[in-house]
> 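Input: one structure, supplied below.
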Amino acid sequence: MFLEKVVVEINGYFVGFIFKDDVLVRNTIPLSRDEINKFFSWEKISNKKHHIKMAKCILRLYFGKMLDSEVRELIDYSLDVTPFTKKVLDVVKNIPYGSVKTYGEIAKELKTSPRAVGRSMNKNPLPLVIPCHRVVGKDNIGGYSYGITHKINILKNEGVITNLK
DNA sequence: AGATTGAGCGGCA
DNA sequence: TGCCGCTCAATCT
């Protein structure tokens with residue numbers, strides 16, 4: 001099995017990828033240089049055409065300029081997670097652009113607990129591609145692995161959050 | 001195999 | 001608002 005851990009840089013944004021036999025199993029959101037080193041361990045910077053193409057998709061997703069469903073059709077990925085997390089992420093996949101669901105709502109659908117749903121979000125290996133940023137708390141925005149500032153940015157870019165002080 | 005830990009939630013003061 | 005207890009998959013001991 002061939003494992004590849006790379007980072008692609010596009011105008012100051014760093015996106016990390018892990019491939020298993022050329023199939024995407026993990027990615028990061030666009031991060032600063034400091035953040036990528038904090039959140040992701042990688043082997044090399046990649047300049048491969050299809051890696052750059054993927055990174056551009058991730059950037060577009062972050063800035064709300066592309067649909068996640070579209071990216072999922074373009075990219076060869078596999079969800080390398082437990083059966084439970086897969087079930088949760090399958091629900092999350094169906095949350096449309098520009099709308100949100102709460103941890104509790106998803107928990108109810110799957111007959112589990114909100115905390116268990118949150119745990120699965122934390123383990124989402126394909127952020128933005130699987131839109132876990134669209135899962136929020138009932139009374140607040142909820143958490144985000146890369147920091148809630150990013151979650152707020154993404155939701156702003158999708159037009160979900162309009163005014164924020 | 002048991003204890004602890006969360007990207008949560010509802011109830012009650 | 002703030003706290004307390006319930007929850008349940010995943011992650012320690």
Side-chain angles (χ1 to χ4, degrees), chain A residues 1 3 5 7 13-20 23-42 54-55 57-72 75 77-165:
Chain A
M1 185 200 53
L3 203 68
K5 299 181 181 182
V7 163
Y13 292 103
F14 295 79
V15 184
F17 295 103
I18 297 179
F19 299 96
K20 244 185 207 174
V23 176
L24 180 71
V25 292
R26 186 182 160 81
N27 68 273
T28 70
I29 65 170
L31 298 167
S32 69
R33 187 184 292 275
D34 285 344
E35 287 172 318
I36 196 82
N37 289 320
K38 178 176 164 196
F39 290 118
F40 192 69
S41 76
W42 46 283
M54 269 188 214
C57 285
I58 300 297
L59 281 186
R60 289 196 192 106
L61 288 175
Y62 187 92
F63 291 104
K65 300 200 161 152
M66 195 168 180
L67 293 175
D68 48 293
S69 53
E70 201 180 332
V71 173
R72 286 196 298 276
I75 291 180
Y77 71 91
S78 95
L79 272 175
D80 209 0
V81 294
T82 62
F84 176 81
T85 298
K86 195 165 172 29
K87 240 182 6 182
V88 178
L89 293 180
D90 275 340
V91 173
V92 175
K93 260 198 289 201
N94 294 324
I95 306 174
Y97 180 99
S99 69
V100 294
K101 264 191 186 180
T102 67
Y103 300 98
E105 283 167 356
I106 295 170
K108 214 169 179 184
E109 265 179 63
L110 297 176
K111 309 227 190 273
T112 181
S113 78
R115 283 215 124 124
V117 173
R119 187 163 276 273
S120 287
M121 293 304 98
N122 184 34
K123 302 254 147 40
N124 178 16
L126 307 171
L128 294 171
V129 178
I130 311 282
C132 61
H133 57 275
R134 295 183 193 138
V135 184
V136 298
K138 200 195 163 189
D139 303 310
N140 54 25
I141 193 155
Y144 199 65
S145 310
Y146 297 102
I148 60 167
T149 310
H150 278 120
K151 189 172 185 175
I152 291 168
N153 284 340
I154 300 162
L155 290 175
K156 271 187 188 167
N157 293 336
E158 290 196 6
V160 175
I161 301 172
T162 47
N163 62 332
L164 203 85
K165 50 174 166 31

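Residue numbers start from 1 in every chain, and the chains themselves are labelled A, B, ... in the order their sequence lines are given, proteins ahead of strands.
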> Does a side-chain heavy-atom distance below 4.5 Å link A:Pro127 with A:Tyr144?
yes
> Just how far, in rounded Å, is C1' of B:dA7 from CG of A:Leu128?
15 Å
> Between A:Tyr13 and A:Tyr62, what is the ring plane arrangement, given parallel below 30°, perpendicular above 60°, and tilted in between?
tilted
> Among A:Val117, A:Asn94, A:Val91, which one satisfies side chain to side chain contact (heavy atoms under 4.5 Å, CB included) with A:Lys101?
A:Val91
> So do A:Pro125 and A:Leu89 actually touch side chain to side chain, heavy atoms under 4.5 Å?
yes
> Using side-chain heavy atoms (C-beta onward) and a distance below 4.5 Å, is A:Ile29 in contact with A:His133?
no
> If you define the side chain from C-beta out and look only at heavy atoms, does anything of A:Val136 sit under 4.5 Å from A:Val160?
no
> Do any N or O atoms of the protein come closer than 3.5 Å to N or O atoms of nucleotides 10-12 of chain B, and which pairs are they?
unit_1: B:dG10; atom_1: OP2; unit_2: A:Lys138; atom_2: NZ; d: 3.0

> When you check the gap from the basic side-chain N to the acidic O, do A:Lys87 and A:Asp90 get nearer than 4.0 Å?
no
> Quick check: do A:Arg134 and A:Asp68 have side-chain heavy atoms less than 4.5 Å from each other?
yes
> Whole angstrom is fine here: how far is it from CG in A:Leu110 over to C1' in B:dC9?
16 Å
> Defining pairs by Watson-Crick or G-U wobble geometry with both distances under 3.5 Å, how would you list the stems of DNA chain C with at least three pairs each?
B:1-6 with C:8-13, B:8-13 with C:1-6
> In whole angstrom, give the distance that lies between atom CG of A:Asn122 and atom P of B:dT5.
16 Å
> Assess whether one donor atom and one acceptor atom, taken from the side chain of A:Tyr103 and the base of B:dA7, lie less than 3.5 Å apart.
yes
> Reading nucleotides 7-13 of chain C 5' to 3', which nucleotides get B (base under 4.0 Å from a protein heavy atom), which S (sugar-phosphate only), which -?
BBBSS--
> Which heavy atom in A:Ser113 sits nearest to a heavy atom in A:Ala107, and how many Å separate them?
C-CB, 3.5 Å
> Sub-3.5 Å donor-acceptor pair from the side chain of A:Lys151 to the main-chain atoms of A:Val135, do we have one?
yes
